[in-house]
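So that the names make sense, note that chain A is the first sequence line, chain B the second, and so on, each numbered from 1.
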Number of protein chains: 2
Amino acid sequence: MEATLDLFKELKSFSEPELQKEILKHAKFIKASKGEILIKEGQYLNFLPIVIKGLLRVYQQNEDREILLYYVGPEQTCMMSLSSAYFDYYSTANGIAMEESEILVLPAHLIAEWQLKYPSWNKFILRTFKSRYDELLNAFGNVAFKPINVRLKEYLTAYIKNESSNKIPVSHQTLANDLGTTRVVISRILKQFEKEKLVKLYRGYIQLNS
Amino acid sequence: MEATLDLFKELKSFSEPELQKEILKHAKFIKASKGEILIKEGQYLNFLPIVIKGLLRVYQQNEDREILLYYVGPEQTCMMSLSSAYFDYYSTANGIAMEESEILVLPAHLIAEWQLKYPSWNKFILRTFKSRYDELLNAFGNVAFKPINVRLKEYLTAYIKNESSNKIPVSHQTLANDLGTTRVVISRILKQFEKEKLVKLYRGYIQLNS
DNA sequence: AATTGTGTGTATCAAAAGATACTTATCTCA
DNA sequence: TGAGATAAGTATCTTTTGATACACACAATT
């Protein structure tokens, strides 16, 4: 856990010395293996997870379909947990570890206490609320107004923006899950994109031309 | 403004004496007439509006369509404004007064200050974030997974839950705007509902059977 | 090599939603 | 009262999306 500890100490959001001391005093560090489900819809959470390393995927489910809400990366926490833990309310989404992840876990009651005590914690919480809200608002507008092919195109271009390569190592099924539709629909649209020379399709990944 | 002042003093969220004094010291009270646009997409806000009386409608727009995000009633504030004012970010939604409304207006910089100073203010802000987030999440799930007829049915039944009567004084166009679709689609579905004896249609309002 | 699972291609059909256009009410207000 | 605005009904056509079913390719494992 030495390495994790070092990672934690580098996080700017918690660099306020008093706060850092407090966190170290009360937090547990846990590991989540790839595919592990951390949060289930309907569940009450009495802890707040902050990701140190790795990636969580938070999504909503509806019978056979699902749709992505957001990812939680290092130095971030999960809106659902925050909401659930702070307000003692059940979660309305699911969370799963996309990769081997290291997570700092805080008892729920500290959220409110530190809100008033530590400005940097206060900022962190509000920043979390705001950025998650913005993400969701954006996703909402997209789902409400844009056809799937446009959303898919935007998803793909957004994907490679953060990467050096323009290979997108994602299956059609995963794309369907993220965008809230079915695999066949994605395959159909991707084939259309290929005809338009926008992409090249391979097993297990997609290459974006541009 | 006497009446407004009295209304304000009754708001539980701000009953903490020190906070109330501060608000009265720094706030302005304004009136918005029906149809007045208070917030525009892209605009920077340096104030936080809290509704004392009346109703604001906050929505997103996309060319010819629009979709409802939420309403802001008495003792509530607008997520967009809060987000914009606190983080110095532009608004990503529009706000319009649905009726003659009375609004308390606070300078943006006080939001952060009071966050640390007044527990009840802190609670108010977080409650705002949470409830707006929940509403949006719910709307998102609906748009992603449910067909319009189901959403419309839910909208109508939710509407009369808060009313004594089962008359819904809303035009088809307004329903279309709230649900993010077009008038013709709404009219078509409502006619179907009428055949199924779920509703009776009149000019300007809808009567729900049950 | 045979088996199994996953990923992809694709055809067919059905349903949902949107676009357009035109008609008929009803209300408002000068 | 009559002109214009708003509300609603409806028919037709197209597009988008979804459901289902099946074939085939590739990979990993035994």
Side-chain angles (χ1 to χ4, degrees), chain A residues 34-35 61-67 98 140-156 167-208, chain B residues 34-35 61-67 96 98 139-156 167-208:
Chain A
K34 184 173 173 175
Q61 221 167 11
N62 184 268
E63 286 142 48
D64 49 337
R65 299 265 194 89
E66 59 180 65
I67 191 162
M98 297 298 283
F140 180 67
N142 284 341
V143 172
F145 296 129
K146 296 181 185 171
I148 303 184
N149 55 356
V150 173
R151 290 200 285 137
L152 178 55
K153 198 179 292 177
E154 289 177 355
Y155 183 104
L156 297 177
K167 280 188 188 179
I168 302 166
V170 168
S171 77
H172 297 187
Q173 182 60 59
T174 303
L175 290 170
N177 288 343
D178 279 6
L179 295 176
T181 183
T182 59
R183 201 270 308 168
V184 183
V185 170
I186 296 292
S187 294
R188 183 196 293 157
I189 296 171
L190 281 175
K191 211 62 201 171
Q192 182 56 33
F193 285 175
E194 197 174 41
K195 276 184 197 155
E196 298 166 8
K197 312 273 181 199
L198 290 170
V199 300
K200 267 200 170 180
L201 302 179
Y202 302 91
R203 183 191 173 87
Y205 70 95
I206 297 164
Q207 176 151 7
L208 231 134
Chain B
K34 183 173 172 175
Q61 222 167 9
N62 185 269
E63 287 143 48
D64 50 337
R65 299 265 195 88
E66 59 179 66
I67 193 163
I96 186 173
M98 297 298 282
F140 179 67
N142 285 341
V143 172
F145 295 129
K146 295 181 186 173
I148 302 184
N149 56 356
V150 174
R151 289 201 286 138
L152 178 55
K153 198 178 293 177
E154 290 178 354
Y155 183 103
L156 297 176
K167 280 188 187 178
I168 303 165
V170 168
S171 76
H172 298 187
Q173 183 60 60
T174 304
L175 290 170
N177 288 343
D178 279 6
L179 295 175
T181 181
T182 61
R183 202 267 310 166
V184 183
V185 170
I186 296 291
S187 294
R188 182 196 293 156
I189 296 172
L190 281 176
K191 212 61 199 171
Q192 182 57 34
F193 285 176
E194 198 174 40
K195 276 183 197 156
E196 299 167 8
K197 312 273 180 199
L198 290 171
V199 299
K200 267 200 170 179
L201 302 178
Y202 302 90
R203 183 191 172 86
Y205 69 95
I206 298 164
Q207 177 151 8
L208 229 134

Peer 1: Run the side chain to side chain contact (heavy atoms under 4.5 Å, CB included) test on B:Leu175 and B:Ile168 for me, step by step, so that the C-alpha distance in whole Å, both residues' side-chain angles and the decisive distance to 0.1 Å come before the verdict.
Peer 2: CA-CA 11 Å; B:Leu175 290 170; B:Ile168 303 165; 5.6 Å; no

Peer 1: If you take atom types as modelled and just measure distance, does the side chain of B:Arg203 reach the base of C:dT26 with a donor-acceptor pair under 3.5 Å?
Peer 2: yes

Peer 1: Is any side-chain heavy atom of B:Leu190 less than 4.5 Å from a side-chain heavy atom of B:Leu156?
Peer 2: yes

Peer 1: Might you list the N or O atoms of the protein lying below 3.5 Å from N or O atoms in nucleotides 28-30 of chain C, with each pair's distance?
Peer 2:
none

Peer 1: If each of A:Tyr205 and B:Asn149 is mapped to the nucleotide of DNA chain C with the nearest heavy atom, which maps nearer the 5' terminus, i.e. the 5' end?
Peer 2: A:Tyr205

Peer 1: When rounded to the nearest 0.5 angstrom, what distance separates CD in B:Glu66 from CD1 in B:Ile96?
Peer 2: 8.5 Å

Peer 1: Hey, what do you get for CD1 (B:Ile186) to CG (B:Leu152), rounding to the nearest 0.5 Å?
Peer 2: 5.0 Å

Peer 1: Rounded to the nearest Å, what distance is computed from the CD1 atom of residue B:Ile186 to the C1' atom of nucleotide C:dA16?
Peer 2: 13 Å

Peer 1: Five pairs per end, C1' atoms only: what is the angle between the end axes of the helix from C:dA1-D:dT30 to C:dA30-D:dT1, to 10 degrees?
Peer 2: 30°

Peer 1: Round to the nearest Å and state the distance from A:His172 atom NE2 to C:dT10 atom P.
Peer 2: 11 Å

Peer 1: Tell me, which of residues 190-201 of chain B have any heavy atom that sits under 4.0 Å from an atom in DNA chain D?
Peer 2: B:Lys191, B:Leu201

Peer 1: Within this structure, what is the CG-CZ distance for the pair A:Asp178 and A:Arg151, rounded to the nearest 0.5 Å?
Peer 2: 10.5 Å

Peer 1: List in chain and number order the residues that pass side-chain contact (heavy atoms from CB on, under 4.5 Å) with A:Asn149, two or more places apart in sequence or in another chain; answer none if no residue qualifies.
Peer 2: A:Pro147, A:Ile189, A:Phe193

Peer 1: Considering all heavy atoms of both residues, which atom of A:Val185 and which atom of A:Ile148 are nearest to each other, and what is their separation?
Peer 2: CG1-CD1, 4.1 Å

Peer 1: List for me each residue that meets side-chain contact (heavy atoms from CB on, under 4.5 Å) alongside A:Arg183, sequence neighbours excluded, and say none if there are none.
Peer 2: A:His172, A:Gln173, A:Ser187

Peer 1: When the side chains of residues 194-202 of chain B are checked against the rest of the protein, which donor-acceptor pairs come out under 3.5 Å, sequence neighbours left out?
Peer 2:
residue, atom, partner, partner atom, Å
B:Glu194, OE1, B:Lys191, NZ, 2.7
B:Glu194, OE2, B:Leu201, N, 3.0
B:Glu196, OE2, B:Gln192, NE2, 3.0

Peer 1: From the 5' end of DNA chain D to its 3' end, which nucleotides mark the outer limits of contact with chain B, defined by a 4.0 Å heavy-atom distance cut-off (strictly under)?
Peer 2: D:dT6 to D:dA11

Peer 1: Please write out each protein N/O paired with an N/O of nucleotides 2-4 of chain C under 3.5 Å, distance rounded to 0.1 Å.
Peer 2:
none

Peer 1: What pairs with B:Glu154 under side-chain contact (heavy atoms from CB on, under 4.5 Å), at least two apart in sequence or on another chain?
Peer 2: B:Asn142, B:Lys146, B:Val150

Peer 1: What residues, two or more places apart in sequence or in another chain, satisfy side-chain contact (heavy atoms from CB on, under 4.5 Å) together with A:Arg65?
Peer 2: A:Thr182, B:Phe145

Peer 1: Output a table of nitrogen or oxygen pairs between the protein and nucleotides 18-21 of chain C separated by less than 3.5 Å.
Peer 2:
residue, atom, partner, partner atom, Å
C:dG18, OP2, B:Thr181, OG1, 2.5
C:dG18, N7, B:Arg188, NH2, 3.3
C:dG18, O6, B:Arg188, NH2, 2.9
C:dA19, N6, B:Arg188, NH2, 3.4

Peer 1: Separation of B:Lys153 atom NZ from C:dA16 atom P, in whole Å?
Peer 2: 12 Å

